Undergrad: 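Dropping the structure in here first, questions after.
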Amino acid sequence: MLMIKRFLILLSVLFSLAPGVYSQYTVNDARLRNIIDQYGQAEVTIPFSNNISLDFITRNVSILSVKDKIVHISLSPLTVDWFIQQKFDYQIVKIIDIKSVISTRNLNLSSAWDKYPTYTQYDSIMQSFKTLYPNLCRLDTIGKSVNGRLILALKISVNPATDGDKPAVFYTSTMHGNETGGFMLMLHLADYILKNYNLSPRVKDLVDSLDIWINPLANPDGTYKAGNIISLSSTRYNANGVDLNRNFPDPLDASIVPQKETVDMIKFLRKHRFVISANFHSGSEVVNYPWDRWLSKIHADDSWFNNISRAYADTAHVYSGPAYMSDLDNGVTRGAVWYTVIGGRQDFVTWELQGREVTIELDNQYITPEAQLTLLWQNNWRSLLGYLENAKYGIHGLVRNANTFAPVPAMVFIQGHDKDSSQVFADTITGNFVRLLYPGSWDLTFTAIGYNTQTRYNITVAPGEETPLVVDMVPAVNSIETPKPGTAALYPNPARTEIKAILSDALIGTVNLKIVNLTGVIVMDYNVEVSKGIPLLIDLKSLPEGIYTLICRNIVTTGTSRNRFIVIK
């Protein structure tokens, strides 16, 4: 009744305006603003036209999905004005009152995983895992939300207090606060793994082999917008009205300002360098793999990504009804083929951190009704275990010093295959690495500061099997390469505090040097005199870990070279 009264008042105000003013705002616009004012968000649809207009839209608002030539869009208080100004022919999606979505008042009911907990109960459940299974898990805090709620992560491992000795994997859910099925699925999964460690050989093998991290709720302010319960007031956005899955550093857009939740999550991701990860959403039923950002780019490991995504969806098909997880290509899509995302987490992890992440859409309904939570579990729990098992396969290697056997933080790449940050790195502390690859025969090249580069040929990767590999690297004094015309030779690469560049004869003289990071921001820009045969020393101490492009341009001849290099700390 209150919403109707406010709506009528707003309409009467609009009708009282001068005709010229009223013509700028339709009755539909007034209704749209009223919905956002009450719920903090609204879903609208517009007809799909072409990729160019779709790209324009995704730069300004959050696209939810593209289905049957209809674009579904989520609007927040931050984006509604822009949307209205575009004068799209849009329809407002009716809000469905799901009466069963109420948080339980009884903590014991939550342990059945068919009731949504209050925020306080959620915190208690996570604490109880640590209390009940101290030898199998530890509770960590990724950070805090804008409103100060904890963003929690549970580590399940036979060595919960020690990081780095096993491949680390990560599940995270509900960075969109009103997509709640994954939230409950993650709590249920943590409980299932801990309870079944001594009962299920499959679960025991997973825990013995991996460090499993689970973050059930990445956006607590959005989920618990109403206070302490999950309701129709739960919103996609954080407390500042920002879509957190459009808020990660983007290689082509430097305008994104990360929210607190994003900054804390990035620190956590950088620290643990997960071998494989997935983030869970709702609104469709499909496994979405990189790239989201580029339609024109194909990931070097596209076949591998498609294979593991297909395995997740197909396993769900076996244990669910025939209609479940069947969107797009029967439950699988490469992200940008569906629609482009700017500032998404999946591509940030895969591009900048050299991880392997997918986005799993679990339910066509944003807020899964409590009556369907058990069915959601039955449809997905085997797929969830199977996806984690991918981290056990591929090439599991150790790179070490041939003389001392000390670990070597080498870059591991495949000539003619790797591109766009698909290479991986051996751990700086242990020297361990995992290279997840499609079955076949592969040649791996290893390069590290102070060591001779070497290549290991014809390494076999078999389906569902681990290929062990030990690489002993021989220390060597860095040699100066002879660059090809119009190029530069960089060494060492990866670099830590400095890198040397030898320029070809065509670039000798006064050179403008620029270093550009992955987001396109120029982080260094100065002129320098370069002599033939003398290496140009570039100080990298001020640069954080990441991937950069060095651009050298002779200011007289305008000859230019571009070289990519990597900084590790």
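What you see is a predicted model, and the numbers here were worked out from it, not measured in a lab.
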Undergrad: Do you know the tightest heavy-atom contact between Asn240 and Val146?
TA: ND2-CG2, 3.6 Å

Undergrad: Phe305 and His299: aromatic ring centres closer than 6.0 Å?
TA: yes

Undergrad: I need the minimum non-hydrogen distance between Pro167 and Val275, along with the two atoms involved.
TA: CB-CG2, 3.9 Å

Undergrad: Describe, in one word, how the ring planes of Tyr224 and Phe183 are oriented to each other, choosing from parallel (under 30°), tilted (30 to 60°) and perpendicular (over 60°).
TA: perpendicular

Undergrad: How about OH on Tyr438, more than 12 heavy atoms from neighbouring residues, nucleotides or ligands closer than 6.0 Å, or not?
TA: no

Undergrad: Name the one of Lys225, His176, Gln41 that satisfies side chain to side chain donor-acceptor pair (under 3.5 Å) with Thr235?
TA: Gln41

Undergrad: Please report the closest heavy-atom contact between Leu152 and Pro216, naming both atoms and the distance.
TA: O-CD, 4.0 Å

Undergrad: Nearest 0.5 Å, please: how far is CG in Asp243 from OG1 in Thr79?
TA: 9.0 Å

Undergrad: Might you confirm whether atom NZ of Lys500 has over 12 heavy atoms from other residues, nucleotides or ligands at distances under 6.0 Å?
TA: no

Undergrad: Could you check whether Phe425 and Phe433 have their ring centres less than 6.0 Å apart?
TA: no

Undergrad: Does the gap between the ring centers of Phe268 and Phe274 come in under 6.0 Å?
TA: yes

Undergrad: Where do Ala495 and Leu540 come nearest, in terms of heavy atoms and distance?
TA: CB-CD1, 3.8 Å

Undergrad: Could Arg270 and Glu352 be called an ion pair, given the rule that one side-chain N must be under 4.0 Å from one carboxylate O?
TA: yes

Undergrad: If you count every heavy atom of other residues, nucleotides or ligands that lies below 6.0 Å from Lys297 atom NZ, does the total exceed 12?
TA: yes

Undergrad: Does a side chain donor of either Thr333 or Asp329 reach within less than 3.5 Å of an acceptor in the other side chain?
TA: no

Undergrad: Just checking Ile429: does its CD1 atom have more than 12 heavy atoms from other residues, nucleotides or ligands closer to it than 6.0 angstrom?
TA: no

Undergrad: Does a sphere of radius 6.0 Å around OH in Tyr457 hold more than 12 heavy atoms from other residues, nucleotides or ligands, not counting ones at 6.0 Å or beyond?
TA: no

Undergrad: To check you understand the geometry: which heavy-atom pair defines the closest contact between Ile360 and Val287, and what is its length?
TA: CG1-CG1, 4.2 Å

Undergrad: Please determine whether the number of non-hydrogen atoms from other residues, nucleotides or ligands lying under 6.0 Å from atom NZ of Lys267 exceeds 12.
TA: no

Undergrad: Could you check whether Asp250 pairs with Arg59 (Lys NZ or Arg NE/NH1/NH2 to Asp/Glu carboxylate O, under 4.0 Å)?
TA: no

Undergrad: Parallel, tilted or perpendicular: which one describes the rings of Tyr548 and Phe565, with boundaries at 30° and 60°?
TA: parallel

Undergrad: Only one of Leu384, Thr359, Val358 forms a side chain to side chain contact (heavy atoms under 4.5 Å, CB included) with Phe280, so which one is it?
TA: Leu384

Undergrad: Could you tell me the separation between the OH atom of Tyr119 and the CG atom of Asn147, rounded to the nearest 0.5 Å?
TA: 10.5 Å

Undergrad: Would you say the side-chain atoms of Ser421 pair up with the backbone N or O of Trp351, donor to acceptor, closer than 3.5 Å?
TA: yes

Undergrad: Tell me, do Met186 and Asn215 make a side-chain contact under 4.5 Å, heavy atoms counted?
TA: no

Undergrad: Please determine whether side chain to side chain contact (heavy atoms under 4.5 Å, CB included) holds for the pair Tyr366 and Glu43, giving the CA-CA distance in whole Å, both sets of side-chain angles, and the decisive distance to 0.1 Å.
TA: CA-CA 11 Å; Tyr366 293 112; Glu43 183 178 346; 3.3 Å; yes

Undergrad: Do the charged groups of Asp472 and Arg400 touch, with an N to O distance under 4.0 Å?
TA: yes

Undergrad: For Thr162, is there any backbone N or O sitting under 3.5 Å from a side-chain donor or acceptor partner on Asn159?
TA: no

Undergrad: I'd like to know whether the aromatic ring centres of Trp338 and Phe48 sit less than 6.0 Å apart in this structure.
TA: no

Undergrad: Could you tell me which non-hydrogen atom of Pro290 sits nearest to which non-hydrogen atom of Asp347, and how far apart they are?
TA: CB-OD1, 3.8 Å

